[in-house]
Every structure is written in C-alpha cells, then in structure tokens.
Amino acid sequence: MPSPAVPLLMLSLLLAPLAQAQDGDPVLPYRPSVASPAQLPAAGQLEFEVGGLSTKTGDTRRASLPYTFKLAFTPEWGLLLEGEGYVRARDDTGRRETGVGDTTVVLKRAFVLDSATALGLELGWKVPTAKDAIGSGKSDVALNGIFSRDLGPVHMDANLNATRLGAADPGTGTVQTGWAASFSTPVSARWGATAELSGTRLRGAPATAQLLLAATYSPTPRLAIDIGMARGLTGASPDWSLFSGLVVPLGKLW
C-alpha cells in the first residue's frame, strides 16, 4: 500500500470543487484531535472527514485511512458513522495484515448553553467489521461526555468517556475509561493550531497518555486540512503517530 498521504491527496483533488461553493454552511471539523466538540454541524449538511494515520509502537507499525460521516438532523441531534477504510498492520514478528477496520455508529446529543458554551453526549456502538488480526472481533459500547467552551480566542473541548469492551485480555477489566482535553486557536485568517492531552485507563493494564500537536489550514470555510503528530507519554502508549486529513461537505440534504 502507498503512503496514506498519496490517496489523501488524490481524494482532496476530487473533493475540492465541493469546498469551493460559497453558498453553503461552513464545516465543523472533529478531527484531528481525540476529543470531540459538543456542537453538531449545520443541520442537514452531510460532512465527510478522511485522513491518513501512521503509528509506531515498539517494533509494530500500523497505517490506516480513518473516515467519518457526520449528519445533524437538528441543532441538538446528530449521527456519526466512523471507521477505517483501509488498514495495513505489521506486528513485532514481522507478520503483515491488511483489510478494512471496524465501524462505529454514534448517536449524538448537543446541549448549547450559550454562544460560548455547550455540553454533549455521544453513545457509540462499534461493529466488528475488521478481521480479528486487525480488530478485536467483538462489539464495544461507549458513552462520551463533552464540555466545550470558548476561552477568548482559545476553544476548549474536554471529553470523559467509558467503553464496555466486548473482548478483554485475561486479568484485565471490561470497562475502559478515557479522557481528552483539546485546545485550539487561530493564528491567522486561514491557519490554526491545536494542542491536546489524552489517555486511557483499564483495570489490570498500564495506563496510556499522549500529547498531540497539529496545524490546520482552511482556504475556505468549507474546507479544513490538518497535519500533525502525537507522542506517547507512557510505556504503554504508541511511540508516535503522524497524521493528515481534511473535512469537506458532501451536500445539503435539506
């Protein structure tokens, strides 16, 4: 498989005309951070997020093409479809696996308190569409609580979640908790910056934590491009990850 940046570049060229239309609503990117914002995209506008992700953990390597479809039915209710369109993995023995990843359906409720503050709830169900060598082979159910707040020019998204794992290693728990705090700010008319800390905890397993840094570029309000990296902060975390992606509207459904 070629570098994830190659199909991403080809896809961006194909989708660029959709972003050039100026008569639609701006996109609301959820990527590249782990944390999700509480707010939903404009109601009726189908948005598409796609990227390339490469991760190294010890002697293992993993490259994938994550994607998300987002659609808000109203300003308060929306649905997300997330997954990995392609995965290439190599374990520490050199064995390689390729295929599609798991798929997750997320029902989202937003509570907009004022122009600067919002709360959110996400209920997600992971469908094991990946083969066992790439995914867990079991379904997971997750509940994510979100607090979003504008702090002057800085936007903050804080997430706290719990995931009921369908497959757990012997001696470990079945409920994994996670947290993330993301801070983003514009640095010019088209450029922005994001910094985030996130991690997970599971009984009987080492905790994970990572620092993510990213730059975003928006040539129009209807196109957002990101590039960045993440660095593991604990021995159980991936050593590093490199990523790039984009967000575009696919159309106005109503």
Within 45° of the six-membered ring axis of F48 and under 6.0 Å from that ring's centre, is NZ or CZ of K70 located there? no
Stacked cation flag R88 on Y86, 6.0 angstrom / 45 deg: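 Not satisfied by the 6.0 Å and 45° rule.
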Compute whether any side-chain donor of one residue and acceptor of the other, for [X] and [Y], lie under 3.5 angstrom apart.
X	Y	result
K56	S241	no
E84	S64	yes
T200	T208	yes
T117	D114	yes

Is any NZ, NE, NH1 or NH2 atom of the basic residue among R31 and E49 found under 4.0 Å from an Asp or Glu carboxylate oxygen of the other?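 Salt bridge between R31 and E49, a charged N being under 4.0 Å from a carboxylate O: no.
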Salt-bridge criterion met for R149 and D157 (N-O under 4.0 Å):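 Looking at D157 together with R149, the answer is no, because their closest N to O distance does not fall below 4.0 Å.
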If you take all heavy atoms of P26 and Q45, which pair is closest and at what distance?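 That would be O-NE2, 3.6 Å.
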I need the minimum non-hydrogen distance between A180 and V34, along with the two atoms involved. CB-CG1, 4.3 Å
Report the residue from T103, T163, T104, D140 that forms a side chain to side chain donor-acceptor pair (under 3.5 Å) with K126. D140
Can you confirm whether L79 sits close enough to V106 that some side-chain heavy atom of one is under 4.5 Å from a side-chain heavy atom of the other?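 In short, these two side chains do not touch, never coming nearer than 4.5 Å.
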Taking the side chain as every heavy atom from C-beta outward, state whether Q176 and R201 have any atom pair closer than 4.5 Å.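 They are not in side-chain contact.
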Hey, quick one: are L202 and V175 part of the same hydrophobic cluster, counting side-chain heavy atoms closer than 4.5 Å, chains of contacts allowed? no
Are L151 and L197 joined in one hydrophobic group, where the rule is that I, L, V, M, F, W and Y side chains link up if heavy atoms are under 4.5 Å apart? no
Parallel, tilted or perpendicular, as decided by the 30° and 60° cut-offs, for the rings of Y217 and W191: tilted
